[in-house]
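Letters A, B, ... are given to chains in the order of the sequence lines, protein chains preceding strands, and every chain is numbered from 1.
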Amino acid sequence: MGIVSPGFHGRRRKSAAELPPGQYLTNDFPVLSAGPTPRMREDDWEFTVTTETGREHRWTWREFLDLPAETPTVDIHCVTKWSKLATEWEGVSLDALLADVETEADFALVHSYGGYTTNLPLADLVEGQAWIVHRYNGEELAPEHGGPARLLVPHLYFWKSAKWVHGIRLLTDDEPGFWESAGYHDYGDPWREQRYQGD
Amino acid sequence: MTARDTGTGYVDGNALAGPLGELFALVAMDVTAATGRCVNCGRTGPVAALAVYDRAPGMVARCPGCDHVMLRLVRTPDAAWLDLSGMVWLRVTTER
Ligand SMILES: [Zn+2]
């Protein structure tokens with residue numbers, strides 16, 4: 001982020017200079033999906049964190065909602081080249097979810113209802129960088145956008161922000177997820193244009 | 001060019017060039033000539049009957065019986081990645 005006064009920032013927001021390389025701006029919210037949309041009832045929803053020692057931490061929908069809520073407003077960047085600015089979400093930070101989790105792991109494999117997975121370093125899930133969100137634009141998160149809840153990791157390409165999130169496995173060794181095992185980058189920093197393996 | 005080492009009993013991968021070229025050409029010409037078997041549920045059927053999700057970072061073809069991923073195809077600027085690990089086999093009919 002450059003040092004720009006708030007007044008100028010507001011007007012300059014939509015300039016191409018503020019998008020990562022190769023991205024274009026969109027105002028709608030494209031729906032990308034690698035499979036059928038799971039229809040999860042909130043009563044059946046569960047979120048689990050499993051550590052490298054096999055210790056499980058679980059939250060029901062109710063327990064999840066009892067955690068302190070945050071309302072991040074973030075820019076999102078899809079590897080298919082669209083970017084959307086200042087999207088408004090509500091959810092729980094991973095810092096809150098991981099507060100009582102003891103781990104020495106360096107990596108995380110996020111898994112979703114429906115079988116989707118994605119990997120990222122654990123360091124990218126903490127310190128205010130990631131949330132499990134259940135509301136978008138002031139409304140319940142729609143199933144096609146990952147409802148009842150999805151991961152939100154806006155500083156990485158949006159395929160890392162797994163829809164229909166079900167849990168996170170903490171791992172000592174990195175394990176590639178769904179797209180990462182078929183040509184996509186393991187880290188996926190949009191500002192360094194890390195789209196594919198080798199970028 | 002294929003190299004044959006008489007000591008090992010096998011030839012190197014260059015031997016696949018012709019047969020794989022023929023296979024991909026046949027699939028390209030008529031994808032309905034290809035059938036596959038799902039590694040998850042064992043269902044066998046034409047590739048043309050798979051459920052293909054193409055609004056995604058790659059193409060994902062799923063078994064119409066159990067939704068298991070049978071084929072993935074990712075196209076990058078300089079490569080194509082084909083994952084067939086969801087298929088026991090892919091059968092392509094050839095002309096007699
Ligand atoms: Zn199947």
Side-chain angles (χ1 to χ4, degrees), chain A residues 21-23 26 28-40 76-83 111-119 143-146 150 156-164 175-188 190 193-199, chain B residues 13 16-17 20-21 23-25 27-28 31 34-92:
Chain A
Q23 297 292 109
T26 185
D28 55 10
F29 196 166
V31 173
L32 273 73
S33 193
T37 298
R39 304 282 165 176
M40 281 306 299
I76 55 178
H77 309 292
C78 179
V79 76
T80 62
K81 301 198 172 176
W82 56 264
S83 289
H111 55 97
S112 298
Y113 290 104
Y116 182 77
T117 56
T118 188
N119 59 306
E144 64 266 30
H145 286 303
R150 76 180 298 161
L156 301 177
Y157 279 125
F158 210 46
W159 90 77
K160 300 281 184 182
S161 294
K163 299 203 260 187
W164 314 298
E175 196 177 301
F178 185 82
W179 291 118
E180 295 86 354
S181 63
Y184 279 91
H185 200 275
D186 270 315
Y187 187 62
E193 211 170 354
Q194 294 171 332
R195 298 179 195 276
Y196 308 107
Q197 295 280 331
D199 283 350
Chain B
L16 291 167
L20 276 182
L23 176 95
F24 283 115
V27 172
V31 77
T35 55
R37 181 176 174 87
C38 174
V39 85
N40 185 51
C41 74
R43 183 185 173 121
T44 295
V47 166
L50 300 181
V52 177
Y53 293 82
D54 62 350
R55 301 191 63 194
M59 296 181 85
V60 178
R62 292 177 181 264
C63 171
C66 74
D67 284 337
H68 191 78
V69 176
M70 288 178 65
L71 176 154
R72 296 189 295 170
L73 182 56
V74 168
R75 189 70 172 88
T76 78
D78 58 5
W81 296 64
L82 177 63
D83 168 22
L84 292 173
S85 62
M87 286 196 199
V88 179
W89 45 252
L90 177 72
R91 176 179 183 269
V92 182

For the student: nearest non-hydrogen atoms of Thr80(A) and Ala56(B), plus distance: CG2-O, 4.2 Å
All side-chain hydrogen bond (donor to acceptor under 3.5 Å, both in side chains) counterparts of Trp179(A), not counting sequence neighbours: none
Arg91(B), CZ atom: more than 12 neighbouring heavy atoms under 6.0 Å: no
Residue-level interface, residues 40-49 of chain B with chain A, non-hydrogen cut-off under 4.5 Å: none
Validation: residues 63-73 of chain B side-chain donor-acceptor distances under 3.5 Å, sequence neighbours left out:
unit_1: Arg72(B); atom_1: NE; unit_2: Asp83(B); atom_2: OD2; d: 2.9
unit_1: Arg72(B); atom_1: NH1; unit_2: Phe178(A); atom_2: O; d: 2.3
unit_1: Arg72(B); atom_1: NH2; unit_2: Ser181(A); atom_2: OG; d: 3.0
unit_1: Arg72(B); atom_1: NH2; unit_2: Asp83(B); atom_2: OD2; d: 3.0

Residue selection (most heavy-atom pairs with chain B, distance under 4.5 Å) from Gly114(A), Ser33(A), Pro36(A): Pro36(A)
Donor-acceptor pair, side chain of Tyr196(A) and main chain of Asp78(B), under 3.5 angstrom: no
Pairs where residues 52-62 of chain B contributes a residue and the test side chain to side chain donor-acceptor pair (under 3.5 Å) is met, not counting sequence neighbours: none
